[in-house]
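In what follows, a structure is listed as structure tokens, so that the remarks can point back to it.
All ligand and atom numbering here is 1-based and tracks the order in the structure.
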Amino acid sequence: MARILVTGGAGYIGAHTVYFLLRAGHEVIVVDNLCRGHRRYVDPARLRVLDIRETRPLAKLLRQEAIDAVIHFAAYAYVGESMEKPEIYFDNNVAGTVSLLNAMTETGVRYLVFSSSAAVYGVPREVPIPEDNPVAPVNPYGESKAMVERMLTWMDRCRGLRSISLRYFNACGVEPGSGLGEEHDPETHLIPLVLRAARTGEPVTIFGDDYATPDGTCIRDYVHVSDLATAHLAALDWLLQGGPSEVFNVGTGKGHSVMEVVRTAETVVGKQVPYQIGPRRLGDPPVLVASPEKIQRTLNWRPVYTRLEDMIRTAWEFEKTRS
Ligand code: UFG
């Protein structure tokens, strides 16, 4: 049992991770400014409504709560928005992390699990993507994650701060019975939009069907949010047991096209999903699939959800509650 501070714990992936941390017997405090998170995802007794850029209260909290390790989710996460307003990504994601690192240094908290992204690879050199693929982001969101990863390398060398950066691929699904959901505003992610189309009859737009892939639509590595959560627990254990700093991909290693997502959703829902073909979305790489070999070998992490259909089913169970 450890005392963990989770930043951004009222968000989609953060709240799922808190749910699994509590189940594993850890003590958890959540810091979230609620600008994009959901108050109802967090037990009020654990929630501290605070912006991570407020270094003084953050340091006070780390000290008062005798925190052993931090899991850091708090960040903006829209690629498109980051192209329009890069400065808010550097402010919240990068300067926010600098503030957190200052608070951790001051209070002697030595372990950090960081929420990174496949976006750090930009358009990858090889697929499946190994962790040593060049880091070459193609948008400010990915750049903000890459910048933090680089800061963490120096924080280890100069300060002995141990960290794990987890490069997520496409998070999806909802943990059954958790009371949590996937609720972004606006929603931009494929699976919730496909399921919304099934529920409302309003067509979802497929961004391009002329890519050099078997069916012409983009391929992604969908990983269930509950499996992402357990990857954080494994990373945390690794650090607490004295493991060195590392960077890991978190994906299943299997790719699915947009069209496959639509067809699989139709099977799950039991009716046709209305869709239309639109132009390509700027900055979408045709194929993003992880090599999950390193995290499997090092942390012994394996996804429970390996079938797209099972992942989509958990998302549908949640989507149905919205109608
Ligand atoms: N897509 C559509 N129609 C939609 C929404 C998405 O066709 O309405 C397609 C996209 O073009 C893409 C695929 O569905 O090919 C998945 O798109 P998402 O928006 O669900 O996810 P992304 O792959 O764009 O984004 C994910 C993470 C980001 C991360 C990015 C790395 O959500 O945080 O991978 O490139 F930055």
Least distance between heavy atoms, Cys218 atom then Pro285 atom: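 Scanning both residues, the minimum pair turns out to be SG-O, 3.8 Å.
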Looking only at non-hydrogen atoms, find the nearest pair between Leu152 and Ser163 and report the distance.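 Answer, listing the atom of Leu152 first, then Ser163: CB-OG, 3.7 Å.
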Give the residue and atom name of whichever protein heavy atom lies nearest to [atom], and the separation in Å to one decimal.
atom                    : result
atom 2 (C) of ligand 1  : Phe207 CD1, 3.4 Å
atom 17 (O) of ligand 1 : Arg281 NH2, 3.5 Å
atom 3 (N) of ligand 1  : Thr205 O, 2.7 Å
atom 15 (O) of ligand 1 : Cys218 CB, 3.0 Å
atom 9 (C) of ligand 1  : Val258 CG2, 3.7 Å
atom 20 (O) of ligand 1 : Leu190 N, 2.8 Å
atom 11 (O) of ligand 1 : Asp284 OD2, 2.6 Å
atom 25 (O) of ligand 1 : Asn170 ND2, 3.9 Å

Pull out every atom of ligand 1 sitting under 4.0 Å from any heavy atom of [X], numbered as shown with elements.
X      : value
Leu288 : 35 (O)
Val79  : 36 (F)
Thr188 : 5 (C), 19 (O)
Ile206 : 7 (O)
Leu193 : 8 (O)

One residue to check: [X]. Relative to ligand 1, which of side chain, backbone, both or neither has a non-hydrogen atom less than 4.0 Å away?
X      : result
Ser117 : side chain
Tyr141 : side chain
Tyr222 : side chain
Ile191 : neither

Sidechain N-carboxylate O distance under 4.0 Å for [X], [Y]:
X      : Y      : value
Lys60  : Glu54  : no
Glu266 : Arg263 : yes
Asp91  : Lys85  : no
Glu131 : Arg297 : no
Arg280 : Asp210 : yes

For atom 27 (C) of ligand 1, tell me which residue out of His256, Arg196, Arg280, His189 has the closest non-hydrogen atom.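 Result: the heavy atom closest to atom 27 (C) of ligand 1 is in His189.
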Quick check on the 6.0 Å ring-centre criterion: do His232 and Tyr168 meet it?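 Yes, close enough.
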Taking the ring centre of each residue, are Tyr12 and His189 less than 6.0 Å apart?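 That pair fails the under 6.0 Å test.
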Can you classify the ring geometry of Tyr78 versus His184 as parallel (below 30°), tilted (30 to 60°) or perpendicular (above 60°)?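 Because their plane-to-plane angle is over 60°, the rings of Tyr78 and His184 count as perpendicular.
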Should the pair Arg313 and Trp316 be classed as cation-pi, given the thresholds of under 6.0 Å to the six-membered ring centre and 45° from the axis?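 Because its charged atom misses either the 6.0 Å distance or the 45° angle limit, Arg313 does not stack over Trp316.
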